[in-house]
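Structure, as structure tokens:
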Amino acid sequence: MKILLAEDDRTIAEGLQYSLEAEGYEVVLCGSVREGREALAQEPVSLCLLDLGLPDGSGFELCRAAKAHGGVPVIFLTACDDETSVVMGLDMGADDYIAKPFRLRELLSRVRSVLRRSGRLSDGKSQIVLGNVRVDTLAAKVTKDGRDVFLTALEYRLLLAMLASPGKVLSRSQLLAGIWDVAEDFVNDNTLTVYIKRLREKLEDNPQAPFLIRTVRGLGYTIPADLFGEPEE
């Protein structure tokens, strides 16, 4: 998998590049917003690691560009861990946020987590069919009856978290962790209820009697395994 790393501190950038390549990732190293935009335009990447402070602009600019290129997942690497920056990143659809200095093992864990949530599922399938609902995980696209369904970044991550575990009942805490690695700070239990409701309104034929996203009282939510169909060739 290819990772775009935008970091203007050469020492940090080369250290991260070495560590990521040791884990089997291919790294595209960029030192500016301009280089990052050019890299995104030239070749597909699986994930972006973006420093906020770049010489010719902000990592937020590259985040917007990454999301415009097929919803590429983004992790911000920054010394700025203030609430305003975190919220701004969330609003743009950032998938995670880690403040410097960080532990390398934690970063690698978050990279794996975001790739799992936002891209290829564990069985390698990119096309998932649930009756009249189809999910293309590589294009980050959801359709119902052949028409595009717009999901917010958090709604989409919530759906992916359930799709990754067909038939498994996921607790509310597991789902919270699935849609944001630091969910306890930004997404609370009541918010999860709202997102489940929104997903049902967008995907279910009858949201009041959900067929896809089932509630298991006292335990959590599940998408039954027998609903998963095979995509047409």
**Asked** Residues in side-chain contact (heavy atoms from CB on, under 4.5 Å) with Glu14, at least two apart?
**Response**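 Here the qualifying residues are Arg10.
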With a 4.0 Å cut-off on N to O distance, would you call [X] and [Y] a salt bridge?
X: Glu204; Y: Lys197; answer: no
X: Asp56; Y: Arg34; answer: no
X: Asp95; Y: Lys67; answer: yes

[X] (side chain) donor-acceptor with [Y] (main chain) under 3.5 angstrom:
X: Gln17; Y: Ala13; answer: no
X: Ser109; Y: Arg105; answer: no
X: Asp145; Y: Arg147; answer: no
X: Thr152; Y: Glu155; answer: yes
X: Glu38; Y: Glu35; answer: no
X: Glu61; Y: Ser58; answer: yes

**Asked** Any side-chain donor paired with an acceptor under 3.5 Å for Thr215 and Arg200?
**Response**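 Note: Thr215 and Arg200 side chains meet the donor-acceptor criterion.
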Would you kindly confirm whether [X] and [Y] end up in one hydrophobic cluster when ILVMFWY residues are joined by side chain heavy atoms under 4.5 Å apart?
X: Phe102; Y: Ile3; value: yes
X: Tyr195; Y: Val169; value: no
X: Val28; Y: Leu5; value: no

**Asked** Does the side-chain contact (heavy atoms from CB on, under 4.5 Å) test come out yes or no for Leu108 and Leu20, once each step is laid out?
**Response** CA-CA 8 Å; Leu108 293 174; Leu20 289 165; 3.7 Å; yes
Could you give the distance from [atom1] ([X]) to [atom2] ([Y]), rounded to the nearest 0.5 Å?
X: Phe228; Y: Ile128; atom1: CZ; atom2: CD1; answer: 6.5 Å
X: Leu62; Y: Leu50; atom1: CG; atom2: CG; answer: 5.5 Å
X: Leu175; Y: Ile196; atom1: CG; atom2: CD1; answer: 6.0 Å
X: Arg112; Y: Tyr25; atom1: CZ; atom2: OH; answer: 6.0 Å
X: Asp51; Y: Asp9; atom1: CG; atom2: CG; answer: 8.5 Å
X: Glu26; Y: Lys2; atom1: CD; atom2: NZ; answer: 4.0 Å

**Request:** Test side-chain contact (heavy atoms from CB on, under 4.5 Å) on Leu4 and Cys30 and set out the steps.
**Result:** CA-CA 7 Å; Leu4 185 151; Cys30 304; 4.2 Å; yes
**Counterpart residues, side chain to side chain donor-acceptor pair (under 3.5 Å), relative to Arg37 (two or more places apart)** =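 Expected list: none.
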**Message:** Counting neighbours of NZ on Lys141 that are heavy atoms of other residues, nucleotides or ligands and sit closer than 6.0 Å, is the number greater than 12?
**Reply:**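 Not buried by this count: 12 neighbours or fewer within 6.0 Å.
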**Verdict with reasoning, Leu212 to Leu199, per side-chain contact (heavy atoms from CB on, under 4.5 Å)** = CA-CA 10 Å; Leu212 298 178; Leu199 266 183; over 6 Å; no
Distance-only donor-acceptor pairs under 3.5 Å for side chains of residues 218-226, two or more places apart:
| residue | atom | partner | partner atom | Å |
| --- | --- | --- | --- | --- |
| Tyr221 | OH | Arg172 | NH1 | 2.9 |
| Thr222 | OG1 | Lys168 | O | 3.0 |

